[in-house]
Amino acid sequence: MVDYSTLPHHRVLCLDMKSFYASCECVRLGLDPLTTYLVVVGDQNREGGVILASTPLMKAEYGIKSGNRLFEVPRLPHILIQEANMAYYLDQSVAFTRILQDFVPLEAIHVYSVDEAWVTVDGTERLFGSTWEVAERIKNTLKEKLGLTCCVGIGPNKFLAKVVMDNYAKKSGIAECDYGQVEELLWPLPLKEIWGIGSRLGKRLNSMGIRTLGQLAKTPLHTLKKKFGIMGEQLYWHSWGVDLSPVYASWQQESQQKGFGHTITLLRDYTDVREIQTVMLELSEEVCRRARHARMAGRTVSLGIGYSREAGGGFHRSRTVSLATNITMDVYRVCLELFRENYTGGVVRRVGVSLSHLEGDEEFQLDLFKDQVKERKLGYVMDSIRSKYGSTALLRASTYTSGGVARERSTKIGGHKA
Amino acid sequence: MEFIIQRDSLINTIATVSKAVSSRTTIPVLTGIKLVASTEGIILTGSDSDISIEEFIPVEKEGEVIIDLIEPGSIVLPSRYFGEIIRKLPGDQVKIKTNDHLTITITAGKSEFNLNGMDAADYPRLPQIEENRVLSLPSDLLKTMIRQTAFAVATTETRPILTGIMWKLMDSELTFVATDSHRLTMREAVVESPDHLTFENVVIPGKSLVELSKILLDDSRLVDIVITDNQILVKIDHILFYSRVLDGTFPDTSRIIPKNGKTLMNLNTKEFLGAIERASLLAREGKNNVVNLVTRDDNSVEVYSVTPEVGKVIEEVNPVSLEGEPLRIAFNAKYMIDALRAVDSEIIEISFTGAMSPFIIRPSDYNKILHLILPVRTNQ
């Protein structure tokens with residue numbers, strides 16, 4: 001048994017905006033998200049276009065949720081099919097965080113994704129009342145100002161707030177789970193409903209005869225540690241509702257960017273090596289641009305290649321070079337090395353490049369055979385041209401070949417129409 | 001094949017040839033050592049296809065009988081097992097005898113080993129070398145020249161040609177150049193060679209030369225070096241050392257070396273090395289190992305290093321002499337330490353041409369060695 005009295009008793013809320021993109025789209029059109037039948041689709045012109053979000057009614061009555069395809073949506077007069085307006089949704093997401101700041105200081109907010117955030121409301125009793133009351137206040141304010149509905153989970157730490165929100169707040173709007181209720185509320189839940197346990201980990205646990213969180217809690221700690229290492233330990237404590245992760249952000253941690261990475265799922269299968277390399281170059285450029293923007297340079301280059309779904313698999317390899325760089329061609333060269341050494345000739349559907357092991361780029365070793373100062377400057381000049389005249393004002397010739405994706409990408413945010 | 005051999009002699013030869021044997025080879029037969037016995041003696045060969053080493057053990061050496069009762073033949077034996085077995089055997093003599101099906105019996109004292117071998121016919125033939133271009137130099141000189149340059153070769157394969165040391169011979173002057181593109185080392189020496197013999201851009205893998213230097217003795221006995229377009233062969237007594245020559249053109253380094261320094265200083269090598277080593281304690285490995293050097297108005301030099309998360313170090317160094325423009329420069333301490341350790345001179349002369357240009361380190365009394373280092377650009 002765990003002695004809960006020695007553990008932190010914070011007042012943490014986990015907020016999730018209901019059907020965020022779809023609700024935003026309704027608000028944009030002046031409709032009520034709760035009474036409208038609407039889906040947001042990535043690309044209206046492709047029958048295989050993926051559904052990004054749907055309103056609660058669509059989910060309840062037609063079973064259409066994000067991940068479905070456009071052809072699965074019934075074509076009925078009362079069902080609205082809208083293409084994504086990513087830029088607008090991101091604006092709404094920023095507005096959402098800003099409203100949270102009216103209640104708590106910035107360091108008490110942990111933005112988890114566009115539509116999810118944790119808020120620590122310790123010490124606001126005199127201002128807003130009980131935790132349940134703050135939750136209601138925030139929920140009402142969001143509804144009032146943005147027209148969006150959210151679900152709130154309340155717990156003594158982030159884990160419990162998140163899990164109780166995922167499993168109990170969707171219908172009622174607000175749900176709470178304290179340490180004393182872990183056994184009653186969480187233990188009966190199947191593993192796949194628990195945040196942090198994905199399908200793969202779930203399968204491994206299932207094969208050990210563990211199907212619910214309660215069964216996980218009854219598994220000896222050393223067994224889990226032996227099988228899953230440090231993650232096993234975390235699993236065990238989570239199953240008892242214990243989560244010691246900080247509920248306030250420290251600025252130092254926040255500013256420590258670890259790396260820059262981009263992964264793209266291609267619109268079609270790529271088999272031509274030159275086309276794949278073009279994408280690698282474009283991603284290298286994008287990664288280096290972001291590194292340069294942060295005035296950083298990295299020593300470790302990673303390349304991830306995913307094969308098409310039929311073939312499956314892929315590889316992810318990284319290499320650390322002796323000198324940190326943010327020069328596109330340096331990063332690309334390392335990617336090429338990794339690609340040549342690991343590519344087995346499959347059909348490629350996903351490419352990712354990242355640069356990590358960062359340090360400031362103000363200091364660098366000069367080179368006898370190439371003008372480092374000039375090459376570095378060149379990158380910055382290209383960036384400034386792009387920021388002034390648009391991201392497609394200056395592109396590499398290879399971007400105009402058949403494999404290039406940079407032009408298409410520039411019109412999108414998060415892979416969907418801006 | 002059958003023979004009885006002095007164990008010491010065999011141990012030494014196995015140690016020599018196994019320097020060329022790599023366990024990570026794609027050709028299985030190369031994990032072994034080839035033995036060929038004839039009436040004159042036996043020959044052992046090891047190779048990783050970049051380097052090959054062959055040593056001959058004669059029947060008799062300086063009147064002492066080393067090998068007895070030879071029956072000619074050949075076999076390839078697994079290097080690791082063969083070496084360890086011979087080393088651990090009791091007694092002074094070992095008997096080696098082949099049986100059927102490529103196995104051998106090794107007997108010494110009351111101990112008997114049976115070991116599986118491979119067919120010597122499958123072993124790659126060593127390159128045939130035409131001995132047109134031959135030069136001779138003392139063993140210890142060659143060893144020194146390798147030691148003074150090999151550390152500067154590139155360790156990454158970004159530009160494969162830079163993993164080698166470039167050899168050049170002109171007017172009986174032999175030059176070695178090595179660079180990893182951030183620093184460069186050059187060593188010259190006058191050698192015995194036929195007047196007409198000149199060559200340049202013979203680039204030999206640094207790794208090969210490091211192995212070669214382990215075999216070279218510290219005496220002035222002459223070794224012969226045969227140079228061809230794709231191989232070199234070094235002959236040391238009964239040892240033949242072959243190495244591949246790298247393909248490609250070594251960058252022209254003659255124009256890189258600045259002629260006129262703007263800041264000139266002479267320093268006590270040991271003292272300066274100590275200061276740099278201490279300063280580098282706080283310099284971060286991953287971050288270019290940066291150490292700063294500043295000249296002060298009172299003709300002293302300050303060496304310092306700062307790592308905000310760790311601390312800082314400042315040390316004053318008094319140069320033997322200092323002239324020219326004031327200077328503030330940053331460089332990788334490792335490059336400086338490597339160069340200072342390889343200089344072999346009590347006093348060194350450093351010639352700087354500004355904070356963004358390469359600087360040169362030479363012994364003050366000897367102009368056959370040159371180290372060049374490129375600085376680190378900082379935002380100061």
Side-chain angles (χ1 to χ4, degrees), chain A residues 250 252-253 255-256 258-259 284 291-292 294-301 317-342 355-380, chain B residues 152 154-162 177-186 249-258 283-292 305-309 329-336 353-360 372-380:
Chain A
S250 100
Q252 261 181 335
Q253 274 182 338
S255 63
Q256 283 270 310
K258 287 227 173 88
S284 302
R292 288 191 293 261
R295 298 266 154 185
M296 301 291 255
R299 289 177 61 210
T300 303
V301 177
R317 293 280 182 285
S318 46
R319 172 154 300 158
T320 302
V321 293
S322 55
L323 299 172
T325 185
N326 58 19
I327 298 169
T328 304
M329 290 315 284
D330 284 353
V331 171
Y332 176 56
R333 261 190 293 272
V334 180
C335 286
L336 275 186
E337 284 176 29
L338 292 168
F339 184 72
R340 284 193 195 120
E341 289 161 25
N342 297 291
L355 182 66
S356 54
H357 227 118
L358 299 176
E359 55 190 62
D361 87 330
E362 67 283 347
E363 198 176 87
F364 55 90
Q365 170 70 50
L366 298 172
D367 191 293
L368 275 170
F369 308 112
K370 59 181 185 187
D371 192 338
Q372 279 277 344
V373 182
K374 216 169 166 179
E375 282 192 29
R376 291 201 174 221
K377 230 186 237 164
L378 183 65
Y380 281 105
Chain B
T155 49
T156 57
E157 291 284 333
T158 321
R159 286 185 74 180
I161 196 79
L162 297 185
V177 183
T179 178
D180 61 4
S181 84
H182 305 303
R183 35 96 178 258
L184 175 146
T185 298
M186 194 162 87
T249 310
F250 202 77
D252 178 16
T253 53
S254 59
R255 282 169 304 150
I256 291 167
I257 298 158
R284 273 176 303 173
E285 181 107 27
K287 273 223 74 181
N288 301 324
N289 257 314
V290 177
V291 164
N292 302 273
S305 178
V306 185
T307 298
E309 305 91 304
I329 197 166
F331 51 82
N332 185 328
K334 184 180 181 299
Y335 299 160
M336 180 62 94
T353 4
M356 293 284 283
S357 302
F359 57 90
I360 292 171
L372 176 146
I373 296 173
L374 258 99
V376 168
R377 200 192 93 135
T378 62
N379 57 346
Q380 289 176 332

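Each chain gets a letter, A, B and so on, in the order its sequence line appears, and its residues count up from 1.
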task = For each of Thr158(B), Asp180(B), Thr253(B), Thr179(B), tally heavy-atom pairs with chain A at distances under 4.5 Å, and name the one with the top tally.
result =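 So the answer, after comparing Thr158(B), Asp180(B), Thr253(B), Thr179(B), is Thr179(B).
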key: Asn332(B) vs His182(B), side chain to side chain contact (heavy atoms under 4.5 Å, CB included): CA-CA, chis, key distance, verdict   = CA-CA 9 Å; Asn332(B) 185 328; His182(B) 305 303; over 6 Å; no
ask   = Heavy atoms, side chains only, cut-off 4.5 Å: are Gln365(A) and Val376(B) in contact?
value = yes
Side chain to side chain contact (heavy atoms under 4.5 Å, CB included) involving Arg333(A) - partner list, sequence neighbours excluded = Met329(A), Asp330(A), Lys370(A)
query = Does Glu341(A) pair with Arg317(A) as a salt bridge, N-O distance under 4.0 Å?
reply =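 Not counted as a salt bridge, because no side-chain N and carboxylate O are separated by less than 4.0 Å.
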message = Going by the rule salt bridge (Lys or Arg N to Asp or Glu O under 4.0 Å), which residues pair with Arg295(A) if we only count those two or more places apart in sequence or in a different chain?
response =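 With sequence neighbours excluded, Arg295(A) shows a salt bridge (Lys or Arg N to Asp or Glu O under 4.0 Å) to no residue whatsoever.
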Chain A heavy atoms under 4.5 Å from [X]: which part of the residue, side chain, backbone, both or neither?
{"X": "Thr155(B)", "value": "neither"}
{"X": "Ile257(B)", "value": "neither"}
{"X": "Tyr335(B)", "value": "side chain"}
{"X": "Leu372(B)", "value": "side chain"}

request  = Examine whether an atom of Val373(A) lies under 4.5 Å from a heavy atom of chain B, and if so say whether it belongs to the side chain, the backbone or both; otherwise answer neither.
outcome  =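 The side chain, not the backbone.
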